[in-house]
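Let me begin by presenting the structure, written as C-alpha cells, before commenting on it.
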Protein chains: 2
Amino acid sequence: MAHREFKRKIYAEFARIGNALGSARRLELLDLLAQGPRHVEALAIETDMSVANVSQHLQVLRQARLVDAEREGAKALYRLADKHVLDLWLTLRSVAEERFADLGQFRREVDVYDEDSLVPRDELESLIRDRTAVLIDTRPTREYEHGHLPEAISMPMDELPKRLHELPQDRPIIAYCRGDYCLFADEAVALLREKGFEAHRLEGGWPEWWAEDRAVAGGG
Amino acid sequence: MAHREFKRKIYAEFARIGNALGSARRLELLDLLAQGPRHVEALAIETDMSVANVSQHLQVLRQARLVDAEREGAKALYRLADKHVLDLWLTLRSVAEERFADLGQFRREVDVYDEDSLVPRDELESLIRDRTAVLIDTRPTREYEHGHLPEAISMPMDELPKRLHELPQDRPIIAYCRGDYCLFADEAVALLREKGFEAHRLEGGWPEWWAEDRAVAGGG
DNA sequence: TCTTTATTCAAGCGTTCAATTGATTACTAT
DNA sequence: ATAGTAATCAATTGAACGCTTGAATAAAGA
C-alpha cells in the first residue's frame with residue numbers, strides 16, 4: 001500500500017471517533033452510559049431529546065465503536081463498548097478542565113458547590129475500612145445496582161430527605177454520584193449539613209473510580 | 001445557576017474539543033505538532049494542503065485550546081498546547097486501534113511492515129545503556145533537534161542510504177520515528193536488513209516515549 | 001390476529017463545515 | 001518607499017450534519 005493512501009485511511013478512522021465526540025448531545029449520552037447500560041427511551045427522557053434523535057446519535061456512536069447495543073426483545077440496551085472508551089471520555093474531559101478556565105467557573109457558580117471539602121479517592125478506602133465514615137451513593141437505584149463503590153449505601157437523592165434517620169450523626173458522611181459534573185452529591189452534602197450532619201463529597205464519582213480499576217461491588 | 005443550563009454549557013465545551021478532533025486533516029496536523037513546533041507553511045507542505053486551509057484548521061484547533069501559536073516576526077510557530085493534549089491524541093488512537101480491526105490490517109498491508117521484531121519501550125533503556133544496541137532516530141533533523149531519545153543518533157531516512165558506513169555491523173540497530181503509524185523506521189529496518197545489518201523497530205516513537213515521561217535529550 | 005410498545009429508517013429543511021480563491025494585513029529586507 | 005514573504009481573512013461553493021416528522025419493523029401482549 002502506498003504511504004499517502006495509508007495515512008489517509010488511518011486518519012479517517014481516527015477522525016470518525018473524534019467526530020462522534022464532537023457533539024454535546026452525544027457526549028451527554030456517553031456520560032449517561034458511563035453510569036451503566038440504558039434503553040433508548042430512558043436516555044431520551046434523561047436528556048430531554050426525542051427518541052428518534054437519540055436513536056440516531058446512538059447510531060453514530062455505534063459506528064465509531066464507542067458503544068454497543070444488545071437487543072432484549074423489543075428493547076435495545078446500549079452500553080459503552082469497553083473501559084477504554086471511558087478512559088477516552090475522562091481524558092477529553094480532563095483536557096477540557098485544564099484548558100478552559102470557565103469550566104471551573106461554571107462549577108463554582110452552582111449554588112450548592114463547596115470546593116474545600118472534597119475527599120480524594122485515595123483516602124476513601126481507609127476511611128471506609130476503619131468505619132470512620134459512611135459512604136452514600138446518591139445516584140438512582142438502577143445505577144447503584146449496576147455497580148457501586150464497596151460499602152456504599154444506596155441513597156438516591158430524591159429519597160434522601162425522608163431517609164435521614166438511617167444515617168449516623170456521630171460520623172462523617174461521604175457522598176458520591178455520577179462524577180465531577182454531577183450535582184447529586186453536592187445537593188446531598190448541602191442538605192445533610194443543613195440537618196446537622198458532617199458531610200463531604202468524594203472527588204469524582206462512579207466512572208472515575210471504575211476507570212481506575214479500584215475495587216467495586218454490585219453489578220454482574 | 002440552574003442544573004440544565006450548567007449541563008448544557010459544560011457539554012458544549014467538551015464537544016468543542018471533540019469536534020476539533022473530528023477531522024482527519026486536523027488530526028494530521030496535530031500528529032505533526034506532536035513531533036515538535038512548526039510554521040504554517042511547513043505544515044502545509046507536509047500535509048499537502050493549501051496554506052489557507054491549514055491556517056483555518058489551526059484556528060479551529062486553537063479555539064479548542066489544543067494548540068498554541070507564538071508569533072516570530074512574520075511567521076507563526078504552532079505547538080501542542082501541553083502534554084495532556086498528546087495524552088488525549090494517543091488515547092484516541094489507542095481506542096481506535098482496539099476497536100477497529102482494519103487499522104491493524106492496513107498496517108500489515110504496508111510492504112515494509114514487520115510485526116515480529118518490535119522492541120518494547122521498557123526494554124530499550126537497558127539495551128542502550130549496556131551498548132548492546134545502537135539507537136537511530138530516522139525523523140528529519142529538525143524534529144531530532146527539538147527532542148529525541150537519550151543516546152539516539154540522528155539518521156534521517158533520506159540520508160540513511162549514504163550514511164550506512166557510520167553504523168556498526170556487530171550490534172543490533174534499533175530504529176524509531178514519529179510513532180506507530182509512521183513508516184520511516186520500517187523503511188530503515190528494511191534497508192538495513194537488506195544491507196546485512198541486524199535491525200529492529202522500537203514500539204511507538206517520540207510522542208509515545210515523551211508522553212510516558214521517560215528521559216529525553218535535546219530540545220530546550 | 002390485532003394492538004401496543006420500542007426502536008429504527010427515510011425524507012426534508014435549515015444550519016454548519018471544508019476547501020478554494022483572491023484580497024488583506026503584518027512584518028522583513030532591499 | 002517598495003517589493004517580497006508569511007499568515008490570516010472574506011466570500012463562495014457543494015457536501016455533511018442535526019433535528020423533526022411520519023412511516024416502517026419487530027417483538028410482546030390481549
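Below, read A as the first sequence line, B as the second, and so on, with proteins coming before strands; counting in each chain starts at 1.
A:Ser23 and B:Ala15 get closest at one heavy-atom pair: C-CB, 3.6 Å.
Here A:Ile128 pairs with A:Leu124, A:Leu135, A:Glu151 under the side chain to side chain contact (heavy atoms under 4.5 Å, CB included) rule; sequence neighbours left out. With sequence neighbours excluded, the residues that form a side chain to side chain donor-acceptor pair (under 3.5 Å) with B:Asp213 are B:Lys83. With sequence neighbours left out, the ring pair (Phe, Tyr, Trp, His ring centres under 6.0 Å) criterion links B:Tyr181 to A:Phe14. With sequence neighbours excluded, no residue forms a side chain to side chain contact (heavy atoms under 4.5 Å, CB included) with B:Glu194. With sequence neighbours excluded, the residues forming a side chain to side chain contact (heavy atoms under 4.5 Å, CB included) with B:His84 are A:Val95, A:Glu98, B:Asp82, B:Asp87, listed by chain and number. B:Pro161 is linked by a side chain to side chain contact (heavy atoms under 4.5 Å, CB included) to B:Leu191, counting only residues two or more places apart in sequence or in another chain.
Interface residues of residues 14-48 of chain A facing DNA chain C, ordered by number: A:His39, A:Val40, A:Glu41; criterion, heavy-atom separation under 4.0 Å. Contacts between residues 60-78 of chain A and DNA chain D, defined by a heavy-atom separation under 4.0 Å, are made by A:Gly73, A:Ala74.
Applying the salt bridge (Lys or Arg N to Asp or Glu O under 4.0 Å) definition to pairs two or more places apart or across chains, those involving residues 28-46 of chain B are B:Asp31-B:Arg93, B:Arg38-B:Glu46, B:Arg38-B:Glu143, B:Glu46-B:Arg178.
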Protein N or O to nucleotides 21-25 of chain C N or O, pairs below 3.5 Å:
none

*Pairing string, 5' to 3', for DNA chain C - Watson-Crick or wobble contacts under 3.5 Å, brackets [ ] where pairs cross, | to another strand*: ||||||||||||||||||||||||||||||
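Put simply, chain B comes within 4.0 Å of DNA chain D, heavy atom to any atom, from D:dA6 to D:dA10, going 5' to 3'.
Donor-acceptor pairing under 3.5 Å is recorded for the side chains of A:Tyr176 and A:Asp137.
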